[in-house]
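Everything below concerns the one structure shown next.
Here the structure is a predicted model, which is why all the values come from computation and not from measurement. Because only heavy atoms are used, hydrogens play no part in the values below, and waters and symmetry mates are left out as well, while side chains stay in.
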Amino acid sequence: MSALLGYLHDHYQSGEALAKALGVSRTAVWKQVAELRKAGYPVETQRGQGYRLTPGSPTPAALEALRSGSFAAFYAYLGTVDSTQEVLKNWALDGAEEGAVVLAERQLKGRGRRGRAWASVPGKSLTFSLLLRPALPLSALPLLPLAAGLALRDACGVGGLKWPNDLLSPDGRKLAGVLLEAQVSGEEVAWVLLGIGLNVHRGAAPPGGADLEEFGPVSRVQVLARLLASLEARYAQLRNPQALLQDYRANSYTLGQRVRVATAQGVIEGQASGIAPDGGLLLQSEGTTHHIGAGDVELVGFLGGS
């Protein structure tokens with residue numbers, strides 16, 4: 001990628017200063033700016049001031065200044081990719097260490113749960129994937145999406161959780177989602193790809209969705225740093241998940257609601273009454289308690305009522 005990217009940050013720099021730093025002409029700087037924009041990086045131009053990245057852009061330098069813990073010690077900030085999940089999957093197969101993160105400004109084939117498309121808007125969204133190599137039994141895997149959803153709530157500070165892992169705004173619009181893909185061998189989990197999409201600035205969300213900026217000023221790189229720290233802390237709780245489950249229940253927008261759930265056996269309607277120790281949803285319907293696992297079902301809607 002263009003050498004110019006490493007010199008750009010939140011503040012404007014003149015084309016002359018950038019050309020001098022790079023040892024190239026101002027025309028070459030202009031061409032590299034065009035290349036970066038085409039690749040999806042949010043480069044802004046101001047007549048008389050020069051060039052900058054959109055403030056809060058999650059560059060490696062900006063994230064490193066805020067990062068705590070071990071997640072994102074290896075971090076790639078990319079422009080346009082088909083999918084961060086696919087990039088990180090190749091890294092996992094090549095032996096990348098736990099905590100590696102791939103973030104892209106734009107995904108051409110981004111996806112959410114059940115194969116849905118997930119759009120990302122350069123300079124406005126956070127779309128990234130995190131590699132985990134959990135030393136946990138296979139039975140603990142269903143708790144990981146709940147932990148990720150709760151970490152989103154921790155980092156954003158608004159809204160609540162739609163089971164199993166969507167973050168909703170206070171009025172029920174979708175702010176963020178989580179996609180989990182795992183490589184399993186027998187009863188062991190070889191690695192997990194945790195994909196997260198978060199609408200940050202106004203204009204990121206599709207119709208009917210919500211942007212985090214609606215609820216106060218926000219910086220993408222600051223949100224990312226908080227989210228990575230929260231993910232690491234919640235991930236550690238999987239070894240003894242009682243506190244994790246307690247916090248999840250306290251931040252759930254699903255519990256107590258009448259809901260409709262699509263399962264392989266058909267649609268079930270009833271009242272969401274609890275979260276099981278394995279992360280499943282407990283649903284009361286016609287005098288029967290149904291245990292709904294998160295892996296192969298979808299909560300398709302709230303029906304209202306208490």
Check side chain to side chain donor-acceptor pair (under 3.5 Å) between Ser14 and all other residues, then give those that pass, not counting sequence neighbours. none
Those residues that, when tested against Asp154, pass side chain to side chain donor-acceptor pair (under 3.5 Å) (two or more places apart): Arg234
For the residue pair [X] and [Y], what are the closest heavy atoms and their distance?
X: Asp247; Y: Asn251; value: O-ND2, 2.9 Å
X: Gly15; Y: Val29; value: O-CG2, 4.1 Å
X: Ala176; Y: Leu152; value: CB-CD1, 3.8 Å
X: Leu63; Y: Ala72; value: CD2-CB, 4.1 Å
X: Val261; Y: Leu281; value: CG2-CD2, 4.3 Å
X: Gly197; Y: Thr127; value: CA-CG2, 4.1 Å

side-chain contact (heavy atoms from CB on, under 4.5 Å) with [X]: which residues, sequence neighbours excluded?
X: Ala276; result: Asp278, Leu282, His291
X: Arg133; result: Ala92, Glu98, Leu131, Trp191
X: Thr27; result: Ser25, Lys31
X: Thr84; result: Val81, Val102, Ala104, Gln107, Ser129

Residues at least two apart in sequence or cross-chain that pass ring pair (Phe, Tyr, Trp, His ring centres under 6.0 Å) with Tyr77, listed by chain then number, are Tyr41
Counting heavy atoms not belonging to [X], are there more than 12 under 6.0 Å from its [atom1]?
X: Gln49; atom1: CD; answer: yes
X: Glu286; atom1: CD; answer: no
X: Arg239; atom1: CZ; answer: no
X: Lys124; atom1: NZ; answer: yes

Spell out, yes or no, whether [X] and [Y] are grouped together once hydrophobic residues are joined by side-chain heavy atoms under 4.5 Å, including indirect joins.
X: Ile196; Y: Val121; result: no
X: Tyr12; Y: Tyr7; result: no
X: Tyr51; Y: Leu22; result: yes

Looking only at atom types and distance, does a side-chain atom of [X] sit under 3.5 Å from a main-chain N or O of [Y], one as donor and one as acceptor?
X: Thr80; Y: Ala39; value: yes
X: Arg37; Y: Val43; value: yes
X: Arg106; Y: Gly79; value: no

Kindly indicate, with the supporting measurements, whether the criterion side-chain contact (heavy atoms from CB on, under 4.5 Å) is fulfilled by Ile275 and Leu255. CA-CA 8 Å; Ile275 302 295; Leu255 294 183; 4.1 Å; yes
Once you round to the nearest 0.5 Å, how far does [atom1] of [X] lie from [atom2] of [Y]?
X: Leu180; Y: Gln85; atom1: CG; atom2: CD; result: 8.5 Å
X: Leu146; Y: Gln237; atom1: CG; atom2: CD; result: 12.0 Å
X: His290; Y: Gln284; atom1: NE2; atom2: CD; result: 8.5 Å
X: Arg249; Y: Leu150; atom1: CZ; atom2: CG; result: 11.5 Å
X: Glu181; Y: Lys89; atom1: CD; atom2: NZ; result: 7.0 Å
X: Asn165; Y: Arg153; atom1: CG; atom2: CZ; result: 15.5 Å

Which pairs of donor and acceptor atoms, one on a side chain in residues 208-229, lie under 3.5 Å apart (sequence neighbours left out)?
unit_1	atom_1	unit_2	atom_2	d
Asp211	OD1	Ala205	N	2.8
Asp211	OD2	Gly203	N	3.0
Glu213	OE1	Arg202	N	2.9
Glu214	OE1	Arg173	NH1	3.3
Glu214	OE1	Arg173	NH2	2.7
Glu214	OE2	Arg173	NH1	3.3
Glu214	OE2	Asp211	N	2.9
Ser219	OG	Gln222	N	3.4
Arg220	NH1	Glu105	OE1	3.0
Arg220	NH1	Glu105	OE2	3.4
Arg220	NH1	Ser125	O	2.9
Arg220	NH2	Ser57	OG	3.4
Arg220	NH2	Glu105	OE2	2.9
Arg226	NE	Ala155	O	3.0
Arg226	NH2	Ala155	O	3.1

Once salt bridge (Lys or Arg N to Asp or Glu O under 4.0 Å) is applied, do any residues pair with Arg52, and if so which ones, sequence neighbours excluded? Glu44
Who are the salt bridge (Lys or Arg N to Asp or Glu O under 4.0 Å) partners of Glu97, not counting sequence neighbours? none
[X] side chain near [Y] side chain, heavy-atom distance below 4.5 Å:
X: Leu238; Y: Pro134; value: no
X: Leu144; Y: Val178; value: no
X: Tyr253; Y: Pro170; value: yes

Which pairs, with at least one residue in residues 82-108 and sequence neighbours excluded, count as a ring-ring contact (aromatic ring centres under 6.0 Å, His included)? Phe74-Trp91
Let me see the working for Trp163 and Ile292 under side-chain contact (heavy atoms from CB on, under 4.5 Å), right down to the final yes or no. CA-CA 11 Å; Trp163 181 86; Ile292 312 294; 3.9 Å; yes
Under the side-chain contact (heavy atoms from CB on, under 4.5 Å) criterion, do Leu161 and Leu167 qualify, and how do the steps go? CA-CA 5 Å; Leu161 298 167; Leu167 178 65; 4.2 Å; yes
Contact list for residues 66-78, test salt bridge (Lys or Arg N to Asp or Glu O under 4.0 Å), sequence neighbours left out: Glu64-Arg67
Please test His9 against Thr59 for side-chain contact (heavy atoms from CB on, under 4.5 Å), starting from the C-alpha separation and ending with a verdict. CA-CA 8 Å; His9 46 67; Thr59 64; over 6 Å; no
